[in-house]
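Down below is the structure, laid out as structure tokens.
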Amino acid sequence: MKVLKYILSTFILLLFSCENNEVSFELPAPAIVVQGETSDLVVQQPGNTIFQQYSLQAAGGLQTLEVFLDGQLFEMISFDDEVSATYFFEYLIPLGTPNGTRSEFRFVLTDLSGQQANEVIQLLVDFTFIESQEIINGTEVTRIKGRLNEDYTLESAKKYLIDSIFSVENNSILTVEAGTEIYFKTFDTDQQTSRLVITQGSKIMAEGTANSPIVFTSDKLLKNETPTINDWGGVVLYGNAPSNAGSVVLDAGFRYGGNEPNDDSGVLRYIRSEYAGKANDNDAHAFKFFGVGSGTQIDHLQVFRNRNIAFRLKGGRVDLKYMSAIGHGGYGLWADEGWQGKGQFWVFQTDLEANTTPTPFWNQARSVEMRNDGDNFLLEPRTTFTISNVTSIGNGSNVGNGTRRGVRIRRGAIGTLQNALFTEFPDDGARVEDLDIAELGVNMIFDNIRSYNNNDNYDQEAETVFFNDPGDLFNVTEDPVPGISLTSFVGSTPSAFDPSSLGSFFTSAPYIGAIESAANDWTTEGDSWFKNLDGSFR
């Protein structure tokens, strides 16, 4: 009884204390959060635009955002009961602005209670492109870096070194002659990298040939050092084609997306990329095609020995033909954000073992990954693919060997996958999931497939609907394909399906696999563009 009295007394005392000692709750101050990469100082030339994207947040409600240019009001936005908003800042530097001019943009966000947050951009008007000559280990090299705001040509008679980020901007055209060798500077720290960026509206015209390919590679080769699979950051194209992530999307400080499905970012043809994919940068891939339109021509690309993803697609409408990733980590090709495109003759082969440091299982991914959107499988525009003639080879079916799956179609992605084979993976060779049953066999065609010698050949709907098809509608089996092994991607088996029926993009190839035979092998064209796993030329 004494215990009960004590509890009641304590409760009454606490209740009395709460009624007479109310604590006022103060909402946190608003915040201006920078989206993507930024710098305390932005350098750009007259006649060009600087931009940045901000996330505005205020638990107490947004009231106004004021933007001041050198102390004078430049722009003001009023809000109506929002607690968050996205703000795109753009400023066109007037022509005739003298080099050396400095300006300050100050962003002041005020919430409904009068609390404020501040953010600042410093602008320096100056030359942004640097070109210099130097000798590296006895070889004359042209070093280039910065922002290019005019047309420029990389000549085959010269060797080039891209230092840090080299971006082609202001609707400029970068022409790369056949046979040109472009080296990318390596850094001792994981925080720095070199990459080539083609921004929205600009183009790259890089047309190599089978006998004179264009090569993107590590500068360690210039220095007689041994290159590694994570030496530099890759080649990036940003376009104006649609993405379901938004009409304007920011990546690493550059924009992509829009309403131009036929957007043209140029030509990439007969190109070999070597040793790309920075170690601790999840966004450093050999090739990134973000919002790239169908007017862009991409074919005969080889990614050799890259650490991260070989081909990364977000949105866009670009088509890809004669593509390969040899010795890739991460994914061979990953498409999402509503990519709608076609593909034919894709080869993926890796011998990389599973890695647990610094990031666990970074290369236990997929050779081919198709996604739409993780939060809304039906988000439009929807990832929709038409692909034929794929050969995908893992590094052995023992669990833990590395790249886990041959293909995974998920999160609402739909399309046609025909004449493909997947083998030697330590998980499942082929997996289809996250689709309504009514779409399988209608919007999702998975036919004339061979998945064999994997730890698990088929999984999810790839198994239950297509492999175990009671109506025998689909030619999906576990039959081996002659000639294919851990070390050979040359070989095929006849198919009743001819992809030329899919449209003019597709070449007649009524066989399962990317390479029909040694007599019909597109990787042996020329003598210096395609490398085997051991580094020898085919």
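As a basis for the values below, the full set of heavy atoms in this structure was taken, side chains included, without hydrogen atoms, waters or symmetry mates.
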Check: Do F129 and Y152 make the cut of ring centroids closer than 6.0 angstrom?
Finding: yes
Item checked: Test item: side-chain donor near acceptor, Y322 and H300, under 3.5 Å -> no
Identify each donor-acceptor pair in which a side-chain atom of residues 89-100 lies under 3.5 Å from a protein atom, sequence neighbours left out, and give them as a table.
{"from": "E90", "atom 1": "OE2", "to": "R255", "atom 2": "NH1", "distance (Å)": "2.5"}
{"from": "T97", "atom 1": "OG1", "to": "P94", "atom 2": "O", "distance (Å)": "2.7"}

Checklist line | Short side-chain to backbone donor-acceptor contact, N372 and T383, under 3.5 Å | finding: yes
Notebook entry, point to check: So how far is it from T423 OG1 to F489 CZ, rounded to the nearest 0.5 Å?
Noted result: 15.0 Å
Next item on the list: State, with a plain yes or no, whether a side-chain heavy atom of F107 is found less than 4.5 Å away from one of I121.
Entry: yes
Notebook entry, point to check: Can you tell if the side chain of I484 reaches within under 4.5 Å of the side chain of I393, non-hydrogen atoms only?
Noted result: yes
Notebook entry, point to check: Do we get K321 above F505's six-membered ring, with its NZ or CZ under 6.0 Å from the centre and within 45° of the axis?
Noted result: yes
Next item on the list: Assign the ring pair Y331 / W334 to parallel, tilted or perpendicular, where the plane angle (0 to 90°) is split at 30° and 60°.
Entry: tilted
Notebook entry, point to check: Quick one: does S367's side chain have a donor or acceptor within less than 3.5 Å of a partner on G332's backbone?
Noted result: no
Check: Judged by modelled atom types alone, do N240 and D263 share a side-chain donor-acceptor pair under 3.5 Å?
Finding: yes
Checklist line | F88 atom CZ, over 12 foreign heavy atoms within 6.0 Å | finding: yes
Next item on the list: Would you check if E177 and T153 make a side-chain contact, meaning some heavy-atom pair closer than 4.5 Å?
Entry: yes
Can you give the donor-acceptor pairs under 3.5 Å from side chains of residues 340-348 to other protein atoms, not counting sequence neighbours?
{"from": "Q340", "atom 1": "OE1", "to": "R317", "atom 2": "NE", "distance (Å)": "3.4"}
{"from": "Q340", "atom 1": "NE2", "to": "R382", "atom 2": "O", "distance (Å)": "2.9"}
{"from": "K342", "atom 1": "NZ", "to": "D319", "atom 2": "OD2", "distance (Å)": "3.2"}
{"from": "Q344", "atom 1": "OE1", "to": "T507", "atom 2": "N", "distance (Å)": "2.8"}
{"from": "Q344", "atom 1": "NE2", "to": "N389", "atom 2": "OD1", "distance (Å)": "3.1"}
{"from": "Q344", "atom 1": "NE2", "to": "T507", "atom 2": "O", "distance (Å)": "2.9"}
{"from": "W346", "atom 1": "NE1", "to": "L320", "atom 2": "O", "distance (Å)": "3.1"}

Next item on the list: Measure the shortest side-chain to side-chain distance between E181 and L221 over non-hydrogen atoms and say whether it is less than 4.5 angstrom.
Entry: no
Next item on the list: Begin from the C-alpha positions of F187 and S194 and carry the test side chain to side chain contact (heavy atoms under 4.5 Å, CB included) through to its verdict.
Entry: CA-CA 8 Å; F187 293 90; S194 296; 3.3 Å; yes
Margin query: Applying side chain to side chain contact (heavy atoms under 4.5 Å, CB included) to L313 and L333, what does each step give before you reach the verdict?
Written below: CA-CA 8 Å; L313 292 86; L333 182 145; 3.9 Å; yes
Margin query: For Y270 and W529, take the angle between the two ring planes, folded into 0 to 90°, and tell me which bin it lands in: parallel under 30, tilted 30 to 60, perpendicular over 60.
Written below: perpendicular
Item checked: Main-chain N/O of P46 paired to N48 side chain as donor or acceptor, under 3.5 Å -> yes
Next item on the list: Please step through side chain to side chain contact (heavy atoms under 4.5 Å, CB included) for the pair V303 and H285, ending with a clear verdict.
Entry: CA-CA 10 Å; V303 173; H285 311 305; over 6 Å; no
Notebook entry, point to check: Are any side-chain N or O atoms of T199 and backbone N or O atoms of V168, one a donor and one an acceptor, separated by less than 3.5 Å?
Noted result: yes
Check: So, S243 and E337: side-chain donor and acceptor under 3.5 Å apart, yes or no?
Finding: yes
Next item on the list: Take L174 and V176 through the test side chain to side chain contact (heavy atoms under 4.5 Å, CB included) and record every step on the way to the result.
Entry: CA-CA 7 Å; L174 176 67; V176 185; 4.3 Å; yes
Check: So, the side chain of D163 versus the backbone of K185: is there a donor-acceptor pair under 3.5 Å, distance only?
Finding: no
Check: Got a second to check how far L41's CG is from L123's CG, nearest 0.5 Å?
Finding: 8.0 Å
Margin query: Please find the pair of heavy atoms, one from S273 and one from A286, that lie closest to each other, and give the distance.
Written below: OG-CB, 3.9 Å
Note to self: Check D336 with R411, please: is the shortest side-chain N to carboxylate O separation under 4.0 Å?
What the structure shows: no
Note to self: Donor-acceptor check, side chain of T296 to backbone of S265, threshold 3.5 angstrom: yes or no?
What the structure shows: yes
Notebook entry, point to check: Would you call D251 and K314 a salt bridge, taking side-chain N to carboxylate O under 4.0 Å as the test?
Noted result: no
Notebook entry, point to check: Considering residues at least two apart in sequence or located in another chain, which fulfil the side-chain contact (heavy atoms from CB on, under 4.5 Å) criterion with V267?
Noted result: M205, E207, R269, Q297
Check: Among side-chain atoms of S536 and D534, is any donor-acceptor pair under 3.5 angstrom?
Finding: yes
Item checked: Atom of Q53, atom of T86 and distance for their closest heavy-atom approach -> NE2-CG2, 3.5 Å
Item checked: Backbone N/O of Q44 and side chain of T128: donor-acceptor pair under 3.5 Å -> no
Next item on the list: Spell out, as yes or no, whether a donor-acceptor pair under 3.5 Å connects the side chain of Q200 to the backbone of G239.
Entry: yes
Check: Considering only heavy atoms from C-beta outward, does the side chain of V481 approach that of T391 to under 4.5 Å?
Finding: no
Check: Under 4.5 Å between any side-chain heavy atoms of M370 and I387, yes or no?
Finding: yes
Check: Given the rule in the side-chain hydrogen bond (donor to acceptor under 3.5 Å, both in side chains) test, do N230 and T228 qualify, once you have shown the distances and angles that lead to the verdict?
Finding: CA-CA 6 Å; N230 60 350; T228 61; 2.9 Å; yes
Notebook entry, point to check: Are the side chain of D219 and the backbone N or O of T186 linked by a donor-acceptor pair below 3.5 Å?
Noted result: yes
Check: Taking the side chain from K288 and the backbone from D283, do they hold a donor-acceptor pair closer than 3.5 Å?
Finding: yes
Next item on the list: Report yes if the side chains of V43 and R147 come closer than 4.5 Å at any heavy-atom pair, otherwise no.
Entry: no
Next item on the list: Give a yes or no on whether a salt bridge exists between R410 and E369, defined as a side-chain N under 4.0 angstrom from a carboxylate O.
Entry: yes
Notebook entry, point to check: Is there side-chain contact between N454 and D428, with heavy atoms separated by less than 4.5 Å?
Noted result: no
Next item on the list: Report the relative orientation of the aromatic rings in Y238 and F254; use parallel for angles under 30°, tilted for 30 to 60°, perpendicular for over 60°.
Entry: parallel
